[in-house]
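Worksheet for the structure shown next.
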Amino acid sequence: MDKNANVKNHIIEVTTELIEQYNGNIREITARMITAKADVGLGLINYHFGSKEKLITECVQRIIGNVISDFQMTKQYETDQERLTACAAYVFHFLFEHSAISRVSILGDLQNYTKNCNSVLTQRGFSLSLKQDLADEDKSMLVFILTAAMQTAFLGSKTVKQLLGYDFTKSEDRAAYIGKLVHILFAGAVQIDE
């Protein structure tokens with residue numbers, strides 16, 4: 001690995017540590033804090049990333065990507081619907097438990113939606129839960145809608161409470177929302193296939 005790549009990776013590692021140290025409150029993290037901790041000049045943030053905001057977005061994308069790839073099903077489920085509900089509930093709880101990081105990730109994806117962004121990686125992860133109960137052409141659409149509905153509910157949680165009655169500050173309401181959402185999506189997919 002060349003020197004520039006080493007410096008860039010070091011800046012990412014240090015920034016990720018700061019994001020975790022400040023519990024995702026990225027407003028408290030300054031470029032000077034990052035460069036002091038990384039022991040590099042301030043200009044290297046702009047050189048490698050363009051701005052502190054783009055650096056933080058890249059770090060958050062990596063954090064979320066690691067969470068998605070680290071998720072393991074520890075319980076056996078009989079149906080795809082049960083398996084997907086468990087996986088989606090895990091991700092949805094993560095969004096609220098790490099709201100600052102999650103908000104940066106989702107908004108970053110919405111501004112730069114690519115095949116390797118966290119939203120698409122989440123969809124791919126959800127697809128792994130679908131083994132038998134749906135036609136292949138329905139799987140992609142179902143996980144796309146599921147991910148979009150989760151992100152919208154997360155970003156607009158206060159409005160969702162007013163419109164649908166789910167209080168996402170409560171773990172049981174988050175689980176109930178995901179259960180209902182997956183149920184509706186599966187019911188719609190089954191009706192289409194019939």
Side-chain angles (χ1 to χ4, degrees), residues 16 19-20 22-26 56-134 136 138-161 163-190:
T16 301
I19 291 168
E20 291 170 351
Y22 282 85
N23 213 17
N25 191 352
I26 58 175
I56 288 178
T57 298
E58 184 169 332
C59 293
V60 168
Q61 297 290 60
R62 286 187 183 199
I63 292 168
I64 300 290
N66 289 337
V67 168
I68 294 165
S69 65
D70 289 346
F71 175 70
Q72 301 289 324
M73 284 283 180
T74 56
K75 184 178 173 186
Q76 295 296 320
Y77 296 95
E78 290 187 27
T79 68
D80 286 356
Q81 185 172 341
E82 291 173 348
R83 195 175 309 103
L84 181 59
T85 300
C87 186
Y90 171 83
V91 171
F92 202 53
H93 287 303
F94 177 89
L95 294 178
F96 286 93
E97 291 168 6
H98 305 277
S99 60
I101 291 171
S102 298
R103 183 172 303 280
V104 170
S105 176
I106 293 168
L107 294 175
D109 284 357
L110 293 175
Q111 291 174 342
N112 189 28
Y113 197 80
T114 65
K115 65 180 181 176
N116 292 317
C117 70
N118 285 328
S119 296
V120 174
L121 294 176
T122 300
Q123 292 165 30
R124 286 186 198 142
F126 288 163
S127 291
L128 297 175
S129 299
L130 304 173
K131 300 179 188 289
Q132 63 203 15
D133 296 341
L134 293 175
D136 286 341
D138 293 336
K139 290 178 183 179
S140 294
M141 182 63 78
L142 188 143
V143 298
F144 179 85
I145 294 168
L146 173 62
T147 303
M150 290 170 60
Q151 291 173 335
T152 301
F154 168 74
L155 292 172
S157 60
K158 291 178 184 170
T159 303
V160 170
K161 183 177 179 182
L163 294 174
L164 303 176
Y166 292 102
D167 181 356
F168 293 141
T169 62
K170 298 177 181 174
S171 178
E172 59 273 11
D173 276 17
R174 294 193 299 261
Y177 172 78
I178 293 299
K180 180 77 168 183
L181 178 59
V182 172
H183 173 77
I184 289 170
L185 290 172
F186 265 82
V190 169

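Side-chain atoms are counted along with the backbone in the values below, which use heavy atoms only and exclude waters and symmetry mates.
Between Gln76 and Glu82 there is no side-chain heavy-atom pair separated by less than 4.5 Å. Contact annotation: the side chain of Ile56 never approaches that of Cys59 to less than 4.5 Å [non-hydrogen atoms, C-beta and beyond]. The side-chain heavy atoms of Val91 and Thr147, taken from C-beta on, include no pair separated by under 4.5 Å. The closest side-chain heavy-atom distance from Gln123 to Lys139 is not below 4.5 Å. Contact of the Thr152 side chain with the Ile106 side chain is not registered, since no non-hydrogen atoms from C-beta on lie closer than 4.5 Å.
Formation of a donor-acceptor pair under 3.5 Å by the Asp173 side chain with backbone atoms of Asp167 is found in this model.
Once rounded to the nearest 0.5 Å, the distance linking OG1 of Thr85 with NE2 of His183 reads 10.0 Å. Between the OH atom of Tyr166 and the NZ atom of Lys180 there is a distance of 6.0 Å, given to the nearest 0.5 Å. In this structure, CG in Leu130 is found 8.0 Å from CZ in Arg83, a value given to the nearest 0.5 Å. In this structure, CG on Leu95 lies 7.5 Å from CD on Gln151, to the nearest 0.5 angstrom. Interatomic distance, Ser102 OG to Phe94 CZ, rounded to the nearest 0.5 Å: 5.0 Å. Distance check, rounded to the nearest 0.5 Å: CG of Asp109 to CG of Asn112 gives 8.0 Å.
Remark: Asp80 does not engage Lys131 in a salt bridge, criterion side-chain N to carboxylate O under 4.0 Å.
Phe154 pairs by the ring pair (Phe, Tyr, Trp, His ring centres under 6.0 Å) definition with Phe96, not counting sequence neighbours.
The two residues Ser157 and Phe168 have their closest heavy-atom pair at CB-CD1, 3.7 Å. Taking each heavy atom of Ile178 and Ala89 in turn, the nearest pair found is CG2-N, 3.7 Å. The two residues Met150 and Ala88 have their closest heavy-atom pair at CE-O, 3.4 Å. For the pair Ser105 and Asn118, the tightest heavy-atom approach, listed with the atom from each and the gap, is OG-ND2, 3.2 Å. Considering every non-hydrogen atom in both Gly108 and Thr57, the closest pair reads CA-CG2, 4.5 Å. The minimum heavy-atom distance linking Asn116 with Leu121 is given by the pair O-CD1, 3.6 Å.
None of Leu142, Leu84, Val182 except one satisfies the side-chain contact (heavy atoms from CB on, under 4.5 Å) rule with Phe126; the exception is Leu84.
Residue Glu172 qualifies as enclosed at atom CD: its count of foreign heavy atoms under 6.0 Å is above 12.
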Intermediate values then yes/no, side-chain contact (heavy atoms from CB on, under 4.5 Å), Arg103 and Leu155: CA-CA 7 Å; Arg103 183 172 303 280; Leu155 292 172; 3.4 Å; yes

Verdict with reasoning, His93 to His98, per side-chain contact (heavy atoms from CB on, under 4.5 Å): CA-CA 9 Å; His93 287 303; His98 305 277; over 6 Å; no

